[in-house]
Every structure is written in C-alpha cells, then in structure tokens.
Amino acid sequence: MEYNFSDIEKKWQLYWASHKTFKVEPEPSKPKFYVLDMFPYPSGAGLHVGHPLGYIASDIYSRYKRLKGFNVLHPMGYDAFGLPAEQYAIQTGQAPQKTTAENIKRYREQLDKLGFSYDWDREIRTCDPSYYKWTQWAFLKMFSHWYNKTSNKAEPIDKLIREFEDNGNGKVNAAHHCGFEFPAEAWNRYSEKEKEDILMCYRIAYLGETSVNWCPELGTVLANDEVKEGLSVRGGHPVVQKKMKQWQLRVSAYAERLLEGLNELAWSDSLKEMQRNWIGKSEGAEMEFSVFNGRETFSMTVFTTRPDTVYGVTFMVLAPESEWVDKLTVPDKQKEVREYLAYVKTKTERERMTETHSVTGVFSGSYAVNPFTGEQIPVWISEYVLAGYGTGAIMAVPAHDSRDYIFARTFNLPIIPLIEGCDVSKESFDAKEGIMCNSGFLNGMTVQQAIPAAIEEVERKRLGRRKINYRLRDAIFSRQRYWGEPFPIYYENQIARPVPETSLPLELPQLESFRPSQTGEPPLANAKNWTFEGNPLEKSTMPGFAGSSAYYLRYMDPRNAECLVSEQANCYWQDVDLYIGGTEHATGHLIYSRFWNKFLHDLGYVCKEEPFKKLVNQGMIQGRSNFVYRIKNTNTFVSLNLKDNYETTEIHVDVNLVQNDRLDTEAFRNWNPEYQHAEFILEEGDYICGWAIEKMSKSMFNVVNPDTICAHYGADTLRMYEMFLGPLEQSKPWDTNGIDGVHRFLKKFWRLFFDKNGNNVITGLLPDDKELKILHNLIHKVEEDIENFSFNTTISAFMITVNELTDLNCHKKEILESLVILISPYAPHIAEELWVQLGHTPSVANASFPVYNAEYTKEHSYEYPVSFNGKLRFKKSFDLGMNREEIEKLIREDERTEKYSEGKTIRKIIVVPGKIINIVV
RNA sequence: GCCCGGAUGGCGGAAUCGGUAGACGCGCUGGUCUCAAACACCAGUGGCCGCAAGGCUGUGCCGGUUCGACCCCGGCUCCGGGUACCA
C-alpha cells in the first residue's frame, strides 16, 4: 500500500464527522481544557494558507491535551456581522444574509479539508438571531446598570433610583455622574424626562454626546481602535471628528480593573504592554485656577502630572472645543478666536497628525492667576490641547514640557527654569530628575520629593486634589449601518426605553436598500414598521465587536434558549485556557471582551473575572511574490540575472506559474491575453524570476490557497509544514518550495509500516535499549515542545527519529504505536490510518499519550572525581569510557586549564570525545 | 518622538543557567537508478587557504566583562510591530 493521502484523509474526515468523534459534554470526572481560536470573519475571498496557521496550532494543542486525559472544548464559529458584506450588498443588491451564508459554507469546506478536531455541534454565528439575542440581552443589562466606585462593581439602576429618592445623589460614588448635586426633594420633583436624562449619565450603556470618529465615506462612526493614522481600518477612508449623540459603553469605569487584571494573565509581555499603553494610566493632580475675563471670575480646573512645576506656569491653554472658550474670550478677541476655531475645524484628524508639532494658537484675552506665585498669566487657545483628555485645559510649564516650550517660543511667552543647572535655551528639560529651584517651598527638594509635596500643599490649600487619569475612552457603540445587531431600544416621547427581555431577540428586518435613507438616516430607516408597540426603534446597529465580546461564553452552552450560558456549563468550562489569534485585536476585541466579561461577572452570570487565561499570538504568514522583468516598450521579458543589461519594468507574476523561481513560460503566455505573444530572454534555458516578501494578497498575485496544497500534498503535509515554517508567534514568509521535505518525511514515516511493495512490515519483536532510547527522547521532546508552543522544532525531532529508526530497520509494533500517537496531533489522518493498521479501533484521539521514562534516555555514565596539580578538583559524569589518565591528559593539554587554574577551584568539566568543552568554577 | 520585539549560511530557521554555532528542512553540487527526464535514494554544502591532513575566520556594527559570549553589560545602525500633541 502506498501512502495515498487523498483517500486516507477523505475517509477519516468522513469517519470523524459521522461518529462525532470530537463532540464534548461536561464530564465532571475529567479535568476540562478550553482551547479557542479567534473566530474568523467569513470574507468572500476564502482562506489563504496564512489563515489556518493559528487553527493548526490550536488543533495540535487540543489533540495533545485530549491524549493527556483532558476533556477538551474546542469550538469554532463565525464573526458574521460586518462591513464588507454590507458594502458588497450596496454594490450588488445581494442581501448580506445570503452572501454571508455562502461565504460561511465556503469557509467550512476549506476548514473541513484540514482535519480539525472541532466540535461542530457547538458552531455559532453572530448574525444568527438565537445568538445575537444574547448580545442584545447583555446590552440591556448594561443599560440597566451603573458603576459604583465604592463597591467597585456594576449595580442595578433601580437601586440607584431608590437612593436618589431617599437621599439624592450626594453620597453616590459613581464612575460617572450628571455633573451637579441634587437632594432627594429635587429628584422627586423632576419630570420623567429630566430623571431619565440624569440616569443616562450613570448607565453603563448610555446615550451621550461626544466627539466621534466620523467616516463620511462609510457613512458611520467608528471606535478608536477602528481608526489608524486618521484612516478607517476597513477600507482606509479618511475620518473626521464630529459631535454626535451616540450609544456608548462605559468601558472607562473598568479602566483600573482592566489594568490590574493583566498581571495575572499568561499573555506575552508586549501584548500586555500594548493594553497598558492603551489604558494609559497617569497619576497627578487636578488644580483650580481662578480666571478673569474682564467682567467675571471663574474657577477653572486643569489636570497635571507635574504639580511640582507649578511655579513655572507662565500661561494656560484651552482645547479649541473646550466649553471654557466662549466664557473666556474677551470682546475684542472674538473675531480672532472665531477665525481660529474655524481654521481648526477645517482640519481632519489625519491632517492634524501629519502636521505634528506645527504650532498654532490664539490668545483669549483672559488672564488666570497662578495660585502659588500670584502672577497673572494669559489664557491661550490651541489645538495641541485635546478636549477629550483630562479637563481639556492645561497649565503650561514651558521650561519642562516640550510642547509648551515650542508654544512659548513661538508666541514669545516667558520660560522659567525650575531645576538647578538645567539649560532651557534650546529645548525644555522634561526629565523628572534634579533639584528644584525658583519654586518657593519646594526649593532644594528632588523632583521625586517635590511631586508628592506639591500635591499635599495643593490639597492643604484646597486648590485641588490628587487625581488619576486614564487614556481609555468609553467605546462608541452605535454604527449607522444595516448589517449588525439592532439595539433593543425604542423611543417614547424622546426617552430611550428598553425593549423587554421577553421580546428578544429583536430581529433585523429584511431590506430592499442598504443605503442610508433619503434623509441621511441609517439604513434601518428604510424598514417598514421599524417600531415597537407603535414607538420608533433605534435605527443604528451595534458595531463589529459587539458579537465577538462574549462568544467564548456561548460556546459553553450554545443551544440554551433560557440564558447566555447555564451556571452548570459555566462552572464546568469556566474560562478559556488557551486563546490563539492575531495581535491585531490587542486594543479592540481583547479589551472589549475583558470588559464585557467583567461586567457579566459583576452581575454574577459568569464565574471568572478574566476570560482568557493564556493567549498566544500567531504571526502573519507573508506572501512570497515573484516578478518578471519586461524590457521597456517591448513585449520581451528578461531573466533575473540578465535584467541589468536592459531598462526594465518589474511586474508581479502569479506565483502559481512559478516553481523554484523558474517561470513556466507557456503558462505565463496563457495567463493574460496581454502576454500571449511574450518573448523571453532566458539564462541557461530557464526564465528565472525575482522575488520579494510581501503581504499575501490578490493584487500581488502571491496568494496560495490551502485547497491547492491539500490536493497536491494532503492536509497532514500542510499542517506539518505550516508548523515547520518557524516559530508560531513570528511572522514568516510562505514558500511552497520547502513543502517537499515534509511530504518526503511522511512518506518515509509510512515506510516504517509498509515496504515499497505495500506489504505490512510491522513486527511484534520487543524493542531494544537503543530503540527505546530513541523513542523516549522523542516523547520527551514532543511533550516539552507542545507545552512551549515550539511546534517547529518538534517536526525536526520527528524527522530525526524516523531517520534513525529507518537506519536501524526497526518496524517494531511497540515503538510504532507510540510514534503514531505522538504524531497524531500534527498529522491526524495518517496517524488514524496507521493506528488502525496496527490493529486498533479508531480513534487514535482516544489513546493515551505515552509516558516518558527518563531511565531509557540516561547516558551510560559514571561519576569521576578528578584532582589536578593537587589544587583542582573535578566531579563530572563522563560518557566516554575514558580512564583517569586520559582525562587528566586532556585537561593538562587544554590551554584553558592553565588560564583557568590560577588559584581557582574547578567544580565541573564537560568533556566531549577528545575535547574539553566546559570548565566551570 | 516614545514603548515593545528582532538581526545567525543562498533561503526558512536550530542552539540562550554563558560551554563543539549553523540541528532540521529547502536550494545547490556530485553520484546511484533511467534511453532520458521526473520521482526516489546516497554523499557533500558558512567563508577563505589547501590535493589532503589541517589551518584561519565567522552569529548587524563598536567597545567591555569572562578561561570561554549568538547569549551578559555599555554605546550605535538597520528592520518589524504598537502608539502618537494624553499635559
């Protein structure tokens, strides 16, 4: 029997599916293990070889854990709501429901070919009403809860209402409040609308006006993590800032817990660091400055991390969008300020960024008083101060802040150095070090001493308070789109009301047109009867991250119609033990999911505070593009090494027409009518192509389809080769050329069981020590490698082992059985086939991982204490059968011994045949 | 600018409690099989010198610690990722 991967793989894939080999249920007698892949968005392009990388790794780990006796939950589903399907719908008129279903079907076909051990009975789709019911449900819970900073968790809004009725809001310590204090009597007198407006300020899911990222091209708002360098992540369209009333999630309330929680997670340091930066905690103080606009005096608050530099504050700056701008602009500055604000408005976010450090600003005409020096200082307006951070106003210390410095230099404002010996003639001195001067009571202190001392003084004089600020903003949760979860919210007399839980899911209606309505409203305005009990429903939908924020919980109990996840299922599966996915979700999905989980934890619906215990980021697989070189203004193409003799244009050529960088010239002529009469200048009979590593994409013609590879080499070869390519977490280029080596290995592996004529050569002879040593070395290596996610080096170990056994002509059943189990996570189809050939019933997935016995791998050795020149003493295991004289001679002859031996004691010497390689003190 | 990560043959990558650098695979060269090619198998393969034995050199650059450095320390260069006026 030949190694016929095609038949074998088809056969076992069918077998596993029909026998539901990988179906799991909670089994309290067995330890659980939850392995999760970040579920894919089913795009129309299908999978390329880069996509399954993480899935292969997680599958290997899942299969390994099963062999180790764990009850493994390994599910898969689809993140099916999203922009591309909707854009496609707008262009073609095809309903997203339809194209999404088709894409999912294609994804499933591709995934099925790779032999994954998913429990497909647990499949979920975020666009399925029975799934998004629970997304809507969670939203309603957020709507009906507020964040109590005293208990440090989310609490029911009803409880808050009772507190308002009894005591007003004076004692309430909420993450966010309405901005003013009211007593119980006042609350009870408020109209219903007034009450609801106040409550809205407390809710965790709330409707609020903020400056949002508006993408005119897409006609929707975007979250911060959906914008990169002023362009939308999806599509790359420009994004501008706009004030709008939008649904938001009070993620900021959880900032400290999101930060703290990172410490206990087994995530990479770089990823944790990214999240820390995104959360952006900074400690400092809020300080009040009194400001006078010529008629009235106000108290204005600023946030600073450097209260120690207060003696150097020589001016103040407001953000252009700050509400203080109006109050502080004096009459004869009105025109100038208005012009400046108009100018700022014309700039998009992107322009603001590209013109970094351009200095613009305008004087408001008002003056503040520095509370420590009593000096009058001007109040300016400038775009370098952001409305959304801190209080939207700063105290400027040009001597010790580079941005303030540049501003002061531009507008000729005074610069007062506050640290002894610092030179501020050319640039500011930003470091938090040195001895304070020109700073009153702070003089003589170090900066590190002065910061807490200044805060204390500020608090004592009642000029301000200690304050911690976070960069993390609330998540904007509305999208002016069709293909997303509808909000379970309707409006009654302008008041947002929740659709009752019993009416969930609130299903997305079918539409004819997916464009914004005539009046510029979101597409849902086109729906007939988009109402609830006669009242209009919310017309925007939820963003992409809504459906992916709690999907890992739903997998635990995917068909439960009563709740998101039953207590029993949640208690058994608990949390994700291993999560594999791309690093691009670091500041989006992975923050939102953690927030969502913490919220549900506060309410008691889930047992764990953190959803993902360990996280591994697989690297990207890049494409290897090939080029041909066309001689300018001709239809002649010149081979790589001759191209310097001509003036040429580099043209991407489909990598499928190229083998080992040699172009199939005939196929090239047929590829594109433009090239059908192409002429070639060859070198040594071949056309050699140039190459480069680029992103795998259609436009570069470097996409390699896993289906093609499977047809050619089989899924087992593909799985092993993807792992063999390099470390999982590293980005690396795909190169189809190397795949032969792995395929050869599997054929060689097959030949341990069958000879060239297809005869079974397995023998029942008992293995000898040498063979056991080879086997147990491998067991040890495989175990260690899988635990460390070093899948690439395991493959090498397999290759070496198979070579060794081939050399020994070893076909012993006992050895081969273990070998089949060891390889089964990597190459499950061939393993299953050989497992049966060894006389077992399927499936090899139910076998046990071989137990490593260190006795077999021990070197034959003996302890040998050595003394040298009466001064040195050695004690080391030698594997060489050398006698004392030989060893001493070696030591004496080694030049390092002499250098080393002066007055020191040698503890250990490592010897390899004929050489001392290691002498240790 | 700031934060994180990386740099090893023609290529992907092994080897980090500091101890034979280049495992394994690709590619290449030579050979066996074949009329021939493909497949398969065997051997060689960092560079320089040498018929060989062998020698010298070698992990981005400069310097340091050490008997010994891809590995540790100091100073750079380049590449990748994140973030960007966050006060």
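As the structure is a prediction and not an experimental result, all values here were calculated from the model. Throughout, protein chains are lettered first and strands after them, A, B, ... in sequence-line order, and every chain is numbered starting at 1.
Pair assignment for B:rG46 gives B:rU57, based on Watson-Crick or G-U wobble hydrogen-bonding distances that are each under 3.5 Å. For B:rC41, the paired base is B:rG31 (Watson-Crick or G-U wobble, both distances below 3.5 Å). Pairing partner, B:rG63: B:rC73, with both Watson-Crick or wobble hydrogen-bond distances short of 3.5 Å.
A close approach under 4.0 Å does occur between a side-chain nitrogen or oxygen of A:Y389 and OP1 or OP2 of B:rA87.
Every residue meeting the side chain to side chain contact (heavy atoms under 4.5 Å, CB included) condition with A:M620, not counting sequence neighbours, appears here in chain and number order: A:S731. With sequence neighbours excluded, the residues forming a side chain to side chain contact (heavy atoms under 4.5 Å, CB included) with A:V658 are A:N626, A:V653, A:L663, A:C689, listed by chain and number. By the side chain to side chain donor-acceptor pair (under 3.5 Å) test, A:T583 pairs with no residue at all, sequence neighbours left out. Taking A:W734 as the reference, A:Y721 meet the ring pair (Phe, Tyr, Trp, His ring centres under 6.0 Å) condition, with sequence neighbours excluded. Under the side chain to side chain donor-acceptor pair (under 3.5 Å) criterion, A:T304 pairs with no residue, sequence neighbours left out. Shown here are the salt bridge (Lys or Arg N to Asp or Glu O under 4.0 Å) partners of A:R751, two or more places apart in sequence or in another chain: there are none. Residues satisfying the side chain to side chain donor-acceptor pair (under 3.5 Å) criterion with A:S790, sequence neighbours excluded, are absent altogether. Residues satisfying the side chain to side chain donor-acceptor pair (under 3.5 Å) criterion with A:K281, sequence neighbours excluded, are A:E256.
Classification of B:rG55 as anti follows from a glycosidic angle more than 90° from 0.
B:rG6 atom C1' lies 13 Å from atom CD of A:E729, rounded to whole Å. In this structure, A:I621 places its CD1 atom 20 Å from P of B:rC11, rounding to the nearest Å. Between A:F289 atom CZ and B:rA87 atom C1' the separation is 12 Å, expressed in whole Å. When the P atom of B:rC24 is taken as reference, atom CG of A:D735 falls 20 Å away, rounded to whole Å. Between the P atom of B:rG1 and the CG atom of A:D404 lies a distance of 20 Å, rounded to the nearest Å. Atom pair A:D785:CG and B:rC24:C1' shows a separation of 12 Å (rounding to whole Å applied). If you measure from atom NZ of A:K281 to atom P of B:rU83, you get 22 Å, rounded to the nearest angstrom. Across the protein-nucleic acid pair, A:R719 atom CZ and B:rG25 atom P stand 22 Å apart, rounded to whole Å.
No side-chain donor-acceptor contact under 3.5 Å links A:N277 to the backbone of A:G280. Judged purely by atom type and a 3.5 angstrom limit, A:H400 uses its side chain to pair as donor or acceptor with the backbone of A:L418.
Between A:T857 and A:N777, the side chains place no donor N or O within less than 3.5 Å of an acceptor N or O (distance only, hydrogens not considered).
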Without placing hydrogens or testing angles, list every side-chain donor-acceptor pair under 3.5 Å for residues 309-316 of chain A, not counting sequence neighbours.
from, atom 1, to, atom 2, distance (Å)
A:T309, OG1, A:R306, O, 2.7
A:T314, OG1, A:P414, O, 2.8

Could you run down the sub-3.5 Å N/O contacts of the protein with nucleotides 77-81 of chain B?
none

Could you write out each protein N or O paired with an N or O of nucleotides 13-16 of chain B at a distance under 3.5 Å?
from, atom 1, to, atom 2, distance (Å)
B:rG13, OP1, A:Q730, NE2, 2.6
B:rA14, OP1, A:N792, ND2, 3.2

Please write out each protein N/O paired with an N/O of nucleotides 40-45 of chain B under 3.5 Å, distance rounded to 0.1 Å.
from, atom 1, to, atom 2, distance (Å)
B:rA40, OP1, A:R744, NH1, 3.2
B:rA40, OP2, A:R744, NH1, 3.1

